[in-house]
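One structure is given below, encoded as structure tokens.
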Amino acid sequence: MTADQITSFLKSKQNELSQRIAAIEADFKKGRSANFAEQNTERENDDVLDEIHQEAKQELEMVNNAILRIEQGVYGLCQHCEEQINPQRLNALPYTTTCIKCAK
């Protein structure tokens, strides 16, 4: 992928994750059922939603950091050894911060 394609992908992913987070947060703000049996199911659903919410927030942070690294001109450099990250690795995981060697 070219730098423009990576930036476009990351911006799209940023938008997608922001919308997902907002939808989950809106769902959390809804009231819950007065029915005890339904409350148990809703609580289980809330646990799953909370996990998805946390994962989305973490992924959004990684995406935001990748966009910042692009803006700073250091995108594609391993944050540990400062070597170039393999382009195939960046294509597979555009917001990675480490080369495969340092990721192990």
Side-chain angles (χ1 to χ4, degrees):
M1 276 196 275
T2 68
D4 287 341
Q5 290 172 320
I6 291 170
T7 300
S8 178
F9 171 81
L10 290 170
K11 296 276 186 179
S12 175
K13 191 70 168 175
Q14 183 183 49
N15 186 46
E16 172 193 327
L17 290 166
S18 294
Q19 289 178 2
R20 183 181 310 160
I21 291 166
I24 291 170
E25 289 173 352
D27 188 66
F28 282 143
K29 290 179 184 177
K30 285 188 209 174
R32 296 298 181 222
S33 174
N35 182 309
F36 180 74
E38 286 185 30
Q39 286 177 355
N40 191 38
T41 301
E42 288 172 346
R43 197 170 17 262
E44 290 173 2
N45 288 343
D46 284 350
D47 290 343
V48 172
L49 273 180
D50 186 51
E51 184 65 30
I52 293 168
H53 183 247
Q54 293 305 316
E55 288 175 3
K57 286 173 62 175
Q58 290 172 346
E59 189 174 4
L60 179 59
E61 184 177 343
M62 290 187 290
V63 168
N64 289 339
N65 288 335
I67 292 169
L68 183 61
R69 287 192 308 276
I70 290 170
E71 291 168 357
Q72 294 173 338
V74 294
Y75 180 80
L77 295 179
C78 177
Q79 289 187 332
H80 294 288
C81 69
E82 298 182 359
E83 295 291 323
Q84 285 283 43
I85 299 171
N86 185 309
Q88 290 176 329
R89 179 167 169 77
L90 287 172
N91 284 340
L93 192 60
Y95 42 80
T96 189
T97 61
T98 57
C99 66
I100 195 72
K101 182 178 77 175
C102 292
K104 290 182 181 182

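Positions are given from 1, in the same order as the sequence printed here. Hydrogens, waters and symmetry mates are skipped; everything else that's a heavy atom, side chains included, is used. Since the structure is predicted, the reported quantities are computational estimates derived from the model, not experimental observations.
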Quiz prompt | Test item: Asn65 side-chain N/O and Glu61 main-chain N/O as donor-acceptor pair under 3.5 Å | solution =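 At least one qualifying donor-acceptor pair exists.
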
Quiz prompt | By side-chain contact (heavy atoms from CB on, under 4.5 Å) - contacts of Lys11 (at least two apart) | solution = Thr7, Gln14, Ile67

Quiz prompt | Straight-line distance of Glu59 CD to Leu17 CG, nearest 0.5 Å | solution =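 Going from the CD atom of Glu59 to the CG atom of Leu17 covers 4.5 Å.
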
Exercise. To the nearest 0.5 angstrom, please state how far the CD atom of Glu55 sits from the CG atom of Asp50.
Key: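 One gets 10.0 Å once the value is rounded to the nearest 0.5 Å.
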
If you look at every heavy atom in [X] and [Y], which pair is closest and at what distance?
X: Val63; Y: Tyr95; value: CG2-CD2, 3.6 Å
X: Pro94; Y: Ala66; value: O-CB, 4.2 Å
X: Leu60; Y: Ser18; value: CD2-OG, 3.9 Å
X: Cys78; Y: Cys99; value: SG-N, 3.4 Å

In terms of hydrophobic clusters joined by side-chain contacts under 4.5 Å, are [X] and [Y] together?
X: Val74; Y: Leu68; result: no
X: Leu10; Y: Leu77; result: no
X: Met62; Y: Leu93; result: yes

Exercise. In sequence, state the C-alpha distance, the side-chain angles, and the governing distance for Thr98 and Ile85, and then conclude on side chain to side chain contact (heavy atoms under 4.5 Å, CB included).
Key: CA-CA 7 Å; Thr98 57; Ile85 299 171; 5.7 Å; no

Quiz item: For Glu16, which residues count as a salt bridge (Lys or Arg N to Asp or Glu O under 4.0 Å) partner, sequence neighbours excluded?
Solution: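 Residues passing salt bridge (Lys or Arg N to Asp or Glu O under 4.0 Å) with Glu16: Lys13, Arg20.
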
Quiz item: Going by the side-chain hydrogen bond (donor to acceptor under 3.5 Å, both in side chains) test, which pairs reach into residues 69-88, not counting sequence neighbours?
Solution: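 Every candidate side-chain hydrogen bond (donor to acceptor under 3.5 Å, both in side chains) pair involving residues 69-88 fails, so no pair, neighbours aside, qualifies.
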
